[in-house]
There are 2 protein chains.
Amino acid sequence: MRIAVLGTGGVGQAIAGRLAELGHDVTVGTRDPEATRNRPEWQDAQVAVDSFANAAAAAELVVNAAGGTVTLDVLEQAGAANLDGKVLLDISNPLDFSGGFPPTLFVKDDDSLAETIQREHPGARVVKTLNTLTNALMIHPESLGEESTVFVSGDDPRAKETVVGLLEQLGHTDVIDLGDLSTARGVEMWLPLWLRIMGALGTPSFNLKIVREG
Amino acid sequence: MRIAVLGTGGVGQAIAGRLAELGHDVTVGTRDPEATRNRPEWQDAQVAVDSFANAAAAAELVVNAAGGTVTLDVLEQAGAANLDGKVLLDISNPLDFSGGFPPTLFVKDDDSLAETIQREHPGARVVKTLNTLTNALMIHPESLGEESTVFVSGDDPRAKETVVGLLEQLGHTDVIDLGDLSTARGVEMWLPLWLRIMGALGTPSFNLKIVREG
């Protein structure tokens with residue numbers, strides 16, 4: 001699949017690299033393609049690097065791997081027309097570090113960042129997923145040595161199917177479809193607990209598994 | 001141990017009954033002891049029933065099993081003097097159903113219901129726990145057929161030790177100490193995701209397990 005990954009931080013690097021490894025045609029979208037291409041972590045990456053708009057324009061599926069606070073700006077630069085009709089796989093978390101650590105959430109409870117994105121880009125088919133675990137486990141969940149759970153939230157069933165297919169390629173064997181995009185409020189509000197579990201365990205290398213009866 | 005369980009709803013019934021079964025001396029605190037004693041679900045319960053204040057006064061450890069919206073009122077009726085120096089095991093969730101389902105949280109993010117309780121009752125040794133799973137699994141986690149996780153949050157290490165001891169008696173074999181009471185923000189903000197997982201699975205009979213690397 002032709003995939004644009006918007007964002008060059010830890011999430012973008014992990015997702016772009018692994019999707020390319022899996023045989024997808026990946027272009028990373030960034031503010032300054034020249035500068036990104038010259039950074040050591042992108043020298044050997046088997047991905048193209050381009051502007052947010054060019055990356056999104058050429059893609060069948062767009063991954064938002066930008067940080068929560070810059071997400072709306074990044075998607076505006078990508079351009080509504082370039083997102084129209086496309087699956088927008090949103091991994092961002094609305095973390096506000098302005099008050100220090102632990103961060104608070106700048107949108108929550110009766111709204112979510114995923115829904116905000118959907119309102120600003122009504123033509124995009126937003127699916128929230130993978131924001132509930134650390135980069136390394138997004139792309140190699142099997143490294144935990146035990147099955148764990150990820151979620152999808154979205155209003156478009158076919159877009160969710162496409163995303164579930166990608167999740168399966170990444171090795172996720174337990175994917176719970178939470179329902180419409182408002183359920184993204186739940187996965188975004190998981191972050192405060194995730195951060196405190198990380199603090200208690202001293203590592204981000206964990207994931208939740210939903211253990212069901214019987 | 002002499003334990004007061006404040007609240008006669010599903011959580012109170014489950015916890016009070018199971019702690020009595022385990023050999024504890026349990027008194028249920030309620031607004032109207034006469035009325036509670038006459039209700040079918042309490043006829044055969046092997047627990048005493050008394051006012052909030054009397055139950056708390058006689059107890060070594062107090063369980064807050066009241067609903068979130070009535071918690072502060074219930075604890076006021078229990079009386080600050082009757083909570084002084086005692087472990088206060090808080091299971092409540094700050095769920096606001098006034099806008100329908102799913103509920104929002106009436107305190108969150110930069111504060112929690114557990115911290116509110118602690119501020120109003122500085123003499124109590126508040127430990128937040130067990131608010132992350134359904135009643136039946138609080139008292140019989142083994143019924144899932146697989147280990148799952150619960151958490152403790154609190155400012156008093158010895159109070160947390162006491163609570164962890166009770167959790168072990170209830171069958172909880174994986175208890176993560178998240179740290180001080182501010183970490184209760186994390187477990188209270190888990191509820192929105194818990195509710196949506198319940199919606200997706202069609203049952204509250206699940207719990208999260210924190211799967212760690214290797």
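Both backbone and side-chain heavy atoms feed into the values below; hydrogens, waters and symmetry mates do not. Keep in mind that what you see is a predicted model, and the values were worked out from it rather than measured. Residue numbering restarts at 1 for every chain, and letters A, B, ... go by the order of the sequence lines.
Interface remark: Asp177(A) contributes backbone atoms only to the contact with chain B (heavy atom separation under 4.5 Å). Of the atoms belonging to Leu105(B), heavy atoms from both backbone and side chain fall under 4.5 Å from chain A. Residue Leu137(B) touches chain A through its side chain alone, counting heavy-atom pairs closer than 4.5 Å. With a threshold of 4.5 angstrom between heavy atoms, Leu201(A) approaches chain B through side-chain atoms but not through N, CA, C or O.
Under 3.5 Å, the side chains of His24(B) and Gln169(B) contain a donor-acceptor pair of N or O atoms. A donor and an acceptor atom, one from each side chain of Thr104(A) and Asp110(B), are nowhere located under 3.5 Å apart.
Atom-to-atom distance recorded for Asp90(A):CG and Asn64(A):CG is 5.0 Å, nearest 0.5 angstrom.
With sequence neighbours left out, the side-chain contact (heavy atoms from CB on, under 4.5 Å) criterion links Ala65(B) to Val5(B), Val11(B), Val63(B). Arg119(A) pairs by the side-chain contact (heavy atoms from CB on, under 4.5 Å) definition with Asp111(A), Glu115(A), Thr116(A), not counting sequence neighbours.
When side chains are defined from C-beta on, Phe206(A) counts as touching Ile197(A), because their heavy atoms get closer than 4.5 Å.
Listed by sequence position, the residues of residues 124-134 of chain A in contact with chain B number zero, using a 4.5 angstrom heavy-atom cutoff.
By the 4.0 Å N-to-carboxylate-O rule, Lys108(B) lies too far from Glu188(B) to be salt-bridged with it.
Residue pairs that meet the side chain to side chain donor-acceptor pair (under 3.5 Å) test with at least one member in residues 1-20 of chain B, sequence neighbours left out, are Arg18(B)-Glu21(B).
Put simply, of Glu147(B), Arg185(B), Met189(B), the one with the most heavy-atom pairs under 4.5 Å next to chain A is Met189(B).
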